[in-house]
Amino acid sequence: MRTMMIILAKDLWLRSRDSTLLVYAVVLPLGLAFMFNLVLGGGGGDRLGARYGVADQDRGPAATRFVTGVLRPMAAQGLITLHAVTSREEGRSRTERGELDAVFVIPEGFSAAVGAGRATTLEVVGDVDAPIAVQVAREAAQAYATELRSLRLASPDGTARDLPPAPLTLVDDASAVTRQLDTTTYHAAGMAVFFLFFAVMFGATGILDERSAGTLARLLAAPVSRHAILAGKLLGGVVAAVAGMAILVVASTLLLGARWGDPLGVAALVVAGVLAVTGLTGAVAAFSRTSEEASNRLSGLAMVLGLFGGALFPVAQLGGFAAVASLTPHHWFLRGLADLAGGGSAGEVLVPVAVLLCFAVLGGALATVRIGRLMRV
Amino acid sequence: MAVLEVSGLCKSFGETLAVDGLGFSVGEGETYGLLGPNGAGKTTAISMIAGVLGRDGGEVRVGGQRHHPAGRRTKAMIGYVPQEPALYPDLTGRRNLRFFARLHGLAREEAGRRAAEVLELVGLTGRGDDLVGTYSGGMARRLNIAAGLLNRPRLLILDEPTAGVDPQSRNAIFDAVRRLTADGVAVLYTTHYMEEAERLCDRVGILDGGRMRAEGTRRELVALVGERDQVTLRAEGDLGAAVRALAAIAEAGEVSEREDGVELLVRDARAVLPRILAAVTGTGASVGSVEVREPDLEAVFLHLTGRALRD
Ligand SMILES: Nc1ncnc2c1ncn2[C@@H]1O[C@H](COP(=O)(O)OP(=O)(O)O)[C@@H](O)[C@H]1O
Ligand SMILES: [Mg+2]
């Protein structure tokens with residue numbers, strides 16, 4: 001423990017002397033999230049004053065509860081204005097004309113289905129030009145859906161399916177052109193988890209750097225255990241990356257208007273995500289001969305996992321990709337955040353956090369098994 | 001008492017048998033030199049003794065205790081100075097030392113104090129707060145040694161500490177080693193410089209191809225191969241009589257007459273020198289100068305391996 005902290009302090013001191021880490025952990029992800037946001041839409045500010053319509057064709061208790069329990073309080077806070085709409089058709093045409101940002105369509109028999117525990121739908125018809133307002137509508141519907149377990153959200157193509165992970169795809173009903181609803185939070189989170197590899201990496205590659213610099217011999221000659229040295233080196237990456245993530249979360253919230261959700265849940269996901277990536281970097285380093293080799297492999301891995309894990313664009317909607325995606329820590333990190341953004345509490349990220357910790361343990365175990373190779377002079 | 005005892009030490013890298021059944025011991029206050037050309041296995045042997053490299057076989061005892069590569073109690077007694085300076089160039093000299101001192105279990109304030117002490121010891125106090133990256137090669141090597149002294153080791157292991165350093169740094173290193181041995185520290189010193197082994201080491205082990213070819217004091221090694229001192233006297237007078245007189249001295253080997261004097265081979269010239277001088281002056285000849293050339297380890301190495309120490 002003591003050895004670990006001494007090595008950690010030394011590494012963080014050395015890190016603080018150069019700006020690479022800050023660039024990878026904060027500047028690049030934040031900058032890119034900002035740029036994607038500009039290019040692909042998003043942006044904060046228009047969340048206030050969103051205009052929502054409700055087409056309540058059910059008029060049952062479950063529908064009323066949604067309107068009075070979820071939408072009215074938002075209206076009371078001045079976040080939205082609420083308008084009654086007679087039908088789905090009217091709602092669609094009014095959103096197309098830009099009179100409304102989103103319309104909730106509560107179908108006939110909704111309350112009965114909820115009461116009987118049967119599947120039903122709650123549809124959100126959105127205006128493509130007001131993505132944030134639509135996203136908020138989605139989240140409101142989702143929050144309610146979470147409450148009513150049997151509830152299904154209407155998916156764009158009209159069939160009912162499980163709650164998809166955010167970011168969600170909405171359809172502009174009039175043109176039937178699919179358009180991604182990219183949220184600021186998604187961009188910030190995607191970039192953050194993508195660059196996590198680069199922020200964490202120096203811990204593991206640092207071992208190989210110390211080997212080629214000869215200082216590893218000196219560490220090994222000291223009366224300390226190799227495991228403590230390994231842990232201390234990896235911990236440097238963990239601490240730096242967690243700090244970077246914390247800055248990123250705060251900065252993207254303040255500067256870009258990102259909404260990360262329950263702080264405790266976000267913290268758990270960030271720590272678990274960083275540990276997962278740390279485990280992977282440790283394992284890769286343990287199978288590499290030089291720091292350069294490890295860095296190259298890790299950069300490649302970051303790219304591939306980022307791509308398949310949905311950190312660069314939301315692959316979750318691409319069907320077949322979804323299965324591959326679940327093999328990446330990125331996917332679980334983003335899925336956990338989506339659960340939180342849907343209004344979930346920290347308890348809902350237990351599964352993503354557990355999966356991420358599995359990555360950490362597996363990677364760490366591999367590195368430990370190879371410690372003899374890793375720690376040779 | 002032996003601070004370090006090594007026996008049957010072995011290590012191979014693939015096909016290469018780098019160290020092959022090495023055994024020796026180093027006593028308190030003794031400087032032991034491992035002398036051998038590049039690739040002899042010095043670094044490999046020393047790395048195993050320091051516990052930074054696993055060994056294939058053999059036993060190492062430090063302070064009478066069995067020393068395992070992971071053994072912390074024995075490691076605490078060892079100061080290890082790797083061949084190449086093993087330091088962080090982006091830290092100051094003092095910070096480097098404080099870090100390694102902390103790693104050796106020193107408390108924060110104690111680490112700071114000890115860092116200052118060893119900086120003084122290697123004459124780097126004035127540069128302690130500069131980044132190591134700005135040090136000259138010799139300074140980096142001195143700091144490298146300082147880092148090996150932080151834990152007040154009973155056994156100091158130095159791997160070619162003077163390779164490529166300026167004479168000033170070299171002398172500073174020698175002085176530091178002598179001061180340490182005066183305090184009872186056992187020093188294990190590798191070098192491929194024959195002069196260094198002769199000047200600094202009480203005993204020398206000659207290593208080649210991973211095996212110990214011979215060991216002992218310089219005298220013992222020289223005697224082992226039957227080498228004798230060469231004494232050259234510049235003299236005037238009856239040189240023929242001088243040669244006959246010298247031949248009568250029991251210890252003298254071949255005696256020959258030269259243009260301006262006589263030359264003879266003799267065991268332990270220093271001890272016999274008074275009698276040699278007496279014999280020559282006894283013939284009425286006058287002696288202008290005396291030169292004694294002792295055979296060196298270079299000659300011993302050549303004799304043992306059939307090769308020169310330096311290629
Ligand atoms: N890590 C290694 N891998 C393979 N061969 C090595 C390694 N280290 C040393 N050797 C070989 O072992 C022999 C002894 O090397 P070394 O101990 O460095 O010699 P010295 O220090 O006396 O110059 C040499 O033949 C060298 O090539
Ligand atoms: Mg060597």
Side-chain angles (χ1 to χ4, degrees), chain A residues 1-22 202-203 205-233 235-236 240 286 289-291 368-377, chain B residues 11 13 43-44 46-54 62 67-92 95-108 111 131-133 140 143-144 147-148 150-151 153 155-157 159:
Chain A
M1 196 62 190
R2 185 178 175 278
T3 306
M4 234 162 67
M5 298 321 277
I6 293 167
I7 292 174
L8 173 68
K10 185 266 292 175
D11 282 349
L12 289 181
W13 171 267
L14 278 175
R15 275 288 125 180
S16 71
R17 321 253 83 194
D18 79 53
S19 56
T20 342
L21 184 66
L22 194 66
F202 82 87
T205 60
I207 299 169
L208 300 168
D209 284 328
E210 296 228 19
R211 183 152 105 197
S212 58
T215 43
L216 183 61
R218 192 150 247 155
L219 301 186
L220 292 174
V224 299
S225 87
R226 291 183 305 177
H227 293 93
I229 298 173
L230 175 66
K233 295 299 294 181
L235 201 57
R289 274 167 301 136
T290 64
S291 177
T368 308
V369 166
R370 298 268 301 184
I371 198 165
R373 286 296 183 92
L374 193 57
M375 295 280 169
R376 100 198 136 183
V377 287
Chain B
K11 180 80 187 181
F13 296 107
T43 297
T44 305
I46 253 182
S47 303
M48 286 189 283
I49 294 166
V52 303
L53 181 70
V62 177
H67 174 50
H68 302 283
R72 303 204 205 161
R73 205 134 43 101
T74 39
K75 273 187 181 175
M77 289 189 262
I78 301 175
Y80 171 56
V81 179
Q83 185 162 351
E84 293 304 323
L87 304 159
Y88 301 102
D90 296 329
L91 295 183
T92 65
R95 254 182 201 281
N96 263 284
L97 295 175
R98 284 216 312 252
F99 168 69
F100 289 118
R102 299 273 291 138
L103 215 53
H104 271 281
L106 273 65
R108 201 178 293 275
L131 294 184
V132 168
L143 190 70
N144 196 37
L150 289 163
N151 60 333
L155 170 66
L156 179 64
I157 301 180
D159 197 1

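Quick caveat: nothing in here was measured; it's all calculated off a predicted structure. So that the names make sense, note that chain A is the first sequence line, chain B the second, and so on, each numbered from 1.
- Ile157(B) has its side chain out of reach of Val81(B): every pair of non-hydrogen atoms, C-beta onward, lies at least 4.5 Å apart.
- Ranking Ser225(A), Ala222(A), Gly214(A), Gly372(A) against chain B, the residue ahead of the rest is Ala222(A), based on heavy-atom pairs under 4.5 Å.
- Taking OG1 of Thr44(B) as the start and CD1 of Ile49(B) as the end, the distance is 11.0 Å to the nearest 0.5 Å.
- Arg218(A) forms a cation-pi arrangement with Phe100(B), by the criterion of a distance under 6.0 Å to the ring centre and an angle within 45° of the ring axis.
- Judged by distance alone, with hydrogens and angles left aside, the side-chain atoms of Arg72(B) form no donor-acceptor pair with the main-chain N or O of Val224(A) at under 3.5 Å.
- For Asn96(B), no part lies under 4.5 angstrom from a heavy atom of chain A.
- For the atom pair CE of Met48(B) and NZ of Lys11(B), the computed distance is 7.0 Å after rounding to the nearest 0.5 Å.
- Interatomic distance, Gln83(B) CD to Thr43(B) OG1, rounded to the nearest 0.5 Å: 4.0 Å.
- Both the backbone and the side chain of Ala76(B) have a heavy atom closer than 4.5 Å to some heavy atom of chain A.
- Both the backbone and the side chain of Ile6(A) come within contact range of chain B, with heavy atoms under 4.5 Å apart.
- Contact annotation for Ala213(A): only backbone heavy atoms (N, CA, C, O) come within less than 4.5 Å of a heavy atom of chain B.
- With a 4.5 angstrom heavy-atom cutoff, Pro85(B) touches chain A only via backbone atoms.
- A donor and an acceptor atom, one from each side chain of Tyr88(B) and Lys10(A), are located under 3.5 Å apart.
- Only the side chain of Arg2(A) has a heavy atom closer than 4.5 Å to any heavy atom of chain B.
- Contact count versus chain A (heavy atoms, under 4.5 Å) is highest, among Gly79(B), Pro69(B), Ser47(B), Ala147(B), for Ala147(B).
- Of the atoms belonging to Leu87(B), heavy atoms from both backbone and side chain fall under 4.5 Å from chain A.
- Asn144(B) CG to Tyr80(B) OH: the interatomic distance, rounded to the nearest 0.5 Å, is 9.0 Å.
- For a residue to count as touching a neighbouring chain, one of its non-hydrogen atoms must lie under 4.5 Å from one of that chain's; by this rule Arg95(B) touches chain A with the side chain only.
- With respect to chain A, the highest number of heavy-atom pairs below 4.5 Å among Leu91(B), Leu53(B), Ile78(B) belongs to Leu91(B).
- Proximity to chain B (any heavy atom under 4.5 Å) is shown, for Leu216(A), by neither the backbone nor the side chain.
- Atom CG of Leu208(A) and atom CG of Leu374(A) lie 6.0 Å apart (nearest 0.5 Å).
- Interface check for chain B: of the options Ala228(A), Ala9(A), Ala221(A), the most heavy-atom pairs under 4.5 Å are formed by Ala221(A).
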